[in-house]
Each structure stands twice: as C-alpha cells, then as structure tokens.
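Here is how names work: the chains are called A, B, and so on, in the same order as the sequence lines, proteins then strands, and each is numbered from 1.
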Amino acid sequence: MLDIRFVRENPEAVQENARKKGYDVDIARILERDAEKRALLQQVDELRERRNANASKMQGGKPDQATIDEGRAIKAELVEKETALNVVDTEFLTLLKKVPNMAAEDVPVGASEDENIVAKTVGTPTTFDFEPRNHADIANERGWLDKERAAKVAGSRFAYIKGDLVRLQLAIVQFVINALSDETVLAGIAINANVAVSLKPFTPVLPPLMIRTELYDAMDRLEPQDERYKLENDDLWLQGSAEHVLGSMHANEIFEESDLPVRYLGYATSFRREAGTYGKDMEGILRMHQFDKLEMESFATKETGMNEHLFFVAIQEYLLTQLEVPYRVIQKCTADIGKPNARGIDMEAWLPGQQQYRETHTADYMTDYQARRLNTRVRRESGELELIHTNDATAFALGRAMIAIIENGQNADGTIRVPVALRPYLGGKEVI
RNA sequence: GGAGGGGUCGCAUAGUGGUUUAGUGCACCGGUCUUGAAAACCGGAGUGGGGCAACUCACCGAGAGUUCGAAUCUCUCCCCCUCCGCCA
C-alpha cells in the first residue's frame with residue numbers, strides 16, 4: 001500500500017503511474033474519502049475527549065444523574081459519528097489498497113508484456129549436430145517423469161519426478177545454498193556487476209508452505225485468488241512462492257539497522273492453480289500446479305534497497321552462467337512488473353526443445369509498499385523508525401532449471417551433460 | 001481432540017469498573033558527582049493518527065458487546081505454555 005501522505009502530495013503522479021501500470025483507480029475519489037475521514041476523525045476525537053472528561057469528573061464517587069445523562073448524550077452522538085467514520089474509512093482503505101506501487105524511473109512504459117525490453121543476451125542459443133528434443137521426450141525416455149500416474153492420483157499438471165532428476169534437483173539445491181552462503185562468491189558477483197552492496201550471506205530457510213489470509217493480503221500477493229489454493233476448513237492458503245512466507249516472516253517486527261540486510265534463501269514447494277492456462281504448456285514440467293523453488297528474499301533500508309535488487313539480478317545471472325545456460329535479461333515494462341513492484345526483471349533461459357527463450361527467474365523490488373501493511377520496520381541508527389524495503393528474486397525454480405539443463409545439455413544418445421558446477425554434488429559425474 | 005494456565009509501552013512484571021492520559025525494575029538517553037569510570041542521585045524516554053500550534057485521540061493478542069466510564073466484566077476468534085490422547 002502507498003503512503004496516503006505521498007498520494008495527497010502527488011495525486012497526478014500517482015494517477016499517471018496507475019494508468020501506466022494498467023490499474024483503474026480514481027485518485028480524486030480516494031482523496032475525497034481521505035478528507036471526509038479526517039473531518040470525521042476530528043469530530044470523533046472531540047466527542048471522545050468530552051466523554052473522557054465527563055467520565056473523569058466522577059472519579060472516586062458515584063455519578064449524578066446529570067452526568068449520566070450527559071454521558072448518554074455524548075455516547076449517542078459518538079456512535080453515530082463512529083459508524084460514519086467506519087464506513088468512510090473502510091471504503092478509503094479498500095480504494096487505497098488498489099493503488100499500485102510507483103514504478104522506478106527506469107522502468108519502461110508499456111501496455112503489455114510485449115513491450116518489455118531485452119536488456120541483454122548472454123551466450124548464444126545452443127547448437128547441436130543432431131535434432132534436439134524437448135525435455136519431456138528425454139525425461140520420459142529416461143524414466144525420470146511419470147505424469148500419467150500423477151494425473152491418476154492428483155490430476156493434470158502434476159508429476160512424479162524420479163531417479164537422476166531427483167538427484168539433479170538436490171545437487172542444484174546444494175550448489176545454490178553453498179554459493180549464497182559464501183562471502184567470496186558473493187563478493188565476486190558484486191564486483192563483477194559493479195554493485196555496492198553488503199556481502200552478508202544468505203540464511204537457508206525451510207518455511208511453512210501455508211499462510212494466513214491476513215498476511216497473504218498484506219503481502220499484496222493474495223490476488224488473483226483464482227490462482228491460489230485455499231484450505232476450506234482453515235483460514236489458510238498454500239503459498240505460491242516462498243516470497244509469500246518469507247516476506248511476511250517479520251510482520252509487526254522492528255529490525256535494528258546494524259542487522260541489515262537480512263537475507264534468506266528459502267527452499268519450498270510452491271502451489272499455483274494456473275487458472276486460465278488450460279492447454280498451455282502441457283508437455284513436461286514447465287507449468288505445474290506444484291513445483292519446488294529456491295527463492296531469495298531480503299530486508300534492507302530505503303538507501304540500500306535498489307542495490308539489493310540489482311545484486312539479486314546479478315546473482316541470478318551468476319547462477320544461470322554456472323549452470324551453463326544461455327539466457328537473456330528482460331526489463332519488464334510498467335504493465336508487467338506487477339502491482340506492488342517498483343521494478344521487475346525477468347531472466348529467460350534458452351530452451352532448445354522449444355527453440356525459444358522462456359521465463360525462469362523474476363526479481364522484484366517492492367520499496368516499502370509491502371512493509372507498510374506488514375508493519376515491518378527498521379530502527380535507524382538515529383533512533384528513527386521507518387518502513388523496511390523488501391526484495392525477492394528467484395534463485396532457481398527447480399523444474400524450469402532442470403528443463404534448461406536437460407535441453408541445453410542433451411546428447412544424441414539421450415544422456416545429459418552435467419554442468420561443471422554441479423558435478424561435486426553428483427559424485428563427480430560428467431553426464432547422467 | 002480433551003483439561004488447565006497465560007498474552008500489559010525493548011525485556012521482566014504490577015494492575016479484577018472511576019486520581020491508570022497504565023505503575024515499578026532492568027536496559028537506554030541527558031545531567032550532577034568523579035582525574036576517568038562504576039555506584040548513587042536528578043531528569044527524560046513507547047507506537048500510530050489528527051492539528052500551524054497549544055493540544056488531542058487511539059493502542060494492554062484481535063474483533064464485537066455491557067457501562068456515564070473498561071487493561072479490568074461478557075461473547076467470538078488467534079497465538080503461546082503444561083499435561084493427556086492421537087500421530088510423522
């Protein structure tokens with residue numbers, strides 16, 4: 001949620017920003033409700049002051065009838081004003097929550113994802129001296145995938161992942177945890193990307209996979225609800241990304257500035273209903289209802305939040321490079337970065353089986369937009385309290401990472417080249 | 001699932017209807033004293049909203065209710081702890 005004071009002071013900019021991001025909001029109406037709310041609040045405060053004064057006349061003794069009558073009269077008026085205030089405030093908050101975060105200055109303006117910009121391309125599409133196949137063919141042939149039985153048990157878009165593919169996933173997990181725990185590796189990434197940033201290692205986390213409605217909404221990730229799995233008997237949802245449960249982890253808490261940045265590397269199974277994607281990407285494991293993901297999350301100050309974002313992007317590039325996958329970096333336009341985002345970057349990996357780049361990573365910078373409703377703050381060294389800035393970014397969505405490794409590393413005989421960085425975690429094997 | 005005990009301004013606690021706009025201790029900040037420090041003493045200090053300001057309102061897990069008046073009474077819910085049951 002945006003700061004209402006910011007909205008009051010910059011109504012045109014906020015309105016224009018919403019338009020560029022494709023959100024239909026009426027800033028003038030919000031400001032009207034804001035003014036009404038403040039007028040009512042003053043009246044309510046004044047009535048409460050009178051109520052308190054009237055009641056405190058009676059300290060230590062029984063009230064006389066005149067005082068009781070006076071108190072009743074005040075209460076009647078107070079109830080009326082409070083009810084009105086409640087109505088206005090509810091509408092005000094509902095409207096304010098719909099206003100998207102301000103896009104950073106360098107976010108390209110665009111009406112749809114078609115206007116995203118390819119910021120750079122690293123590596124070249126992998127070439128083969130045979131006809132490359134897609135990961136589904138290879139994985140089926142190797143006995144790594146069983147979607148038929150998964151469909152029997154759980155329905156479409158589920159899979160049994162088996163054998164060496166499981167070993168590959170766990171190797172990636174180990175590799176990433178080790179890399180992001182290593183200050184030397186982080187230093188190399190920061191220097192290479194020319195980003196001034198703390199080298200504090202990430203703490204690996206296995207988070208809860210469920211989240212309460214209140215916190216999901218505060219994260220601004222509950223919508224679209226069609227995309228979420230709801231647990232009917234509880235006030236709980238299955239998270240759609242470790243971001244949801246890592247970002248909400250410190251709700252209603254205060255960090256000390258000296259402890260920042262706080263960086264987590266979450267490993268979690270994520271759940272998505274994939275509503276409206278019927279028939280799309282049905283082959284293999286590109287788009288599943290359930291997938292495992294390594295996700296970075298950090299809490300930083302307003303001064304360091306943007307560099308933290310750039311660092312996350314640099315880490316993503318490092319990880320893709322280590323896995324020997326050609327990729328390109330997409331700077332998402334205003335229509336595509338998402339409501340709580342100030343900035344958003346995607347990585348797209350080259351998939352020879354599809355002969356195209358497909359999204360494997362996202363990096364999101366939310367400034368203080370999430371923190372405002374999460375009430376996650378930092379006590380600055382000056383003693384001042386202010387809202388934290390949040391960042392999240394994919395380290396690897398394991399399914400898509402393995403697709404990239406399989407398709408780019410495939411040999412004519414159906415074996416797969418193991419990226420050098422992963423070999424220590426696969427018993428030194430060069431192929432699987 | 002059953003029984004019981006709890007949730008108060010960073011931490012620990014006091015507070016069962018009216019000098020509680022929440023007291024005290026620790027920690028914290030400023031000062032006095034001291035060569036310096038400690039101790040002692042004096043003073044300050046929570047979070048959020050409204051207001052140019054004086055000031056004022058809200059917040060004692062959350063929400064609703066009773067009352068002239070609620071941290072305190074009632075109801076619903078959440079969380080934590082102990083024990084029992086069940087269970088990976």
Partner nucleotide, any strand, of B:A71 [Watson-Crick/G-U, under 3.5 Å] =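 Pairing partner: none.
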inquiry  = Applying the Watson-Crick and G-U wobble criteria at under 3.5 Å, what pairs with B:C26? Answer none if nothing qualifies.
reply    =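 Across any shown strand, B:C26 pairs with B:G10.
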Return the polar atom pairs (N/O with N/O) between nucleotides 64-67 of chain B and the protein under 3.5 Å, or none.
none

inquiry  = Considering every strand and a 4.0 Å limit on heavy-atom distances, what is the contact class for A:Arg8: base, sugar-phosphate, or nothing?
reply    = sugar-phosphate
Residue pairs involving residues 152-163 of chain A (criterion side chain to side chain donor-acceptor pair (under 3.5 Å); sequence neighbours excluded) =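 Output for this query lists A:Arg157-A:Thr277.
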query = Does A:Met210 have any side chain to side chain contact (heavy atoms under 4.5 Å, CB included) partners at least two apart in sequence or in another chain, and if so, which?
reply = A:Leu231, A:Leu236, A:Leu238
remark   = Residue set satisfying side chain to side chain contact (heavy atoms under 4.5 Å, CB included) with A:Gln225, at least two apart, ordered chain then number -> A:Leu222, A:Glu223, A:Trp237
Residues which pass side-chain hydrogen bond (donor to acceptor under 3.5 Å, both in side chains) with [X], listed by chain and number, not counting sequence neighbours:
X        : answer
A:Ser248 : none
A:Asp182 : A:Thr184
A:Arg51  : none

message = Do A:Gln370 and A:Thr390 pair up side chain to side chain, a donor and an acceptor below 3.5 Å, judged on atom types alone?
response =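 Side-chain D/A pair, A:Gln370 to A:Thr390: present.
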task = Do nucleotides 52-59 of chain B as a string where each nucleotide becomes B, S or -: B if the base has a protein heavy atom under 4.0 Å, S if just the sugar-phosphate does, - if no protein is that close.
result = ----SSS-
Let me check something: any side-chain donor-acceptor pairs from residues 41-50 of chain A under 3.5 Å, sequence neighbours excluded? List them with distances.
{"from": "A:Gln43", "atom 1": "OE1", "to": "A:Lys81", "atom 2": "NZ", "distance (Å)": "2.8"}
{"from": "A:Arg48", "atom 1": "NE", "to": "A:Glu82", "atom 2": "OE2", "distance (Å)": "3.2"}
{"from": "A:Arg48", "atom 1": "NH2", "to": "A:Glu82", "atom 2": "OE2", "distance (Å)": "2.8"}

A:Lys20: salt bridge (charged side-chain N to carboxylate O under 4.0 Å, His left out) partners, not counting sequence neighbours = none
Near-strand residues of residues 31-38 of chain A, defined as heavy-atom separation under 4.0 angstrom from RNA chain B = A:Arg38
inquiry  = Between B:C84 and B:U74, how far apart are the two C1' atoms, rounded to whole Å?
reply    =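 One C1' to the other, the span is 30 Å.
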task = In whole angstrom, give me the gap between the P atoms of B:C9 and B:C59.
result =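 Per the computed distance, 15 Å lies between those P atoms.
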task = Over all heavy atoms of both residues, which pair between A:Tyr216 and A:His244 is shortest? Give the atoms and the distance, please.
result =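 What the structure gives for the nearest pair is OH-ND1, 2.9 Å.
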task = To the nearest Å, give me how far apart CG (A:Leu385) and C1' (B:C9) are.
result = 13 Å
Indicate every side-chain donor-acceptor pair of residues 424-432 of chain A with a distance under 3.5 Å to a residue at least two apart or in another chain.
{"from": "A:Tyr425", "atom 1": "OH", "to": "A:Asn178", "atom 2": "ND2", "distance (Å)": "2.9"}

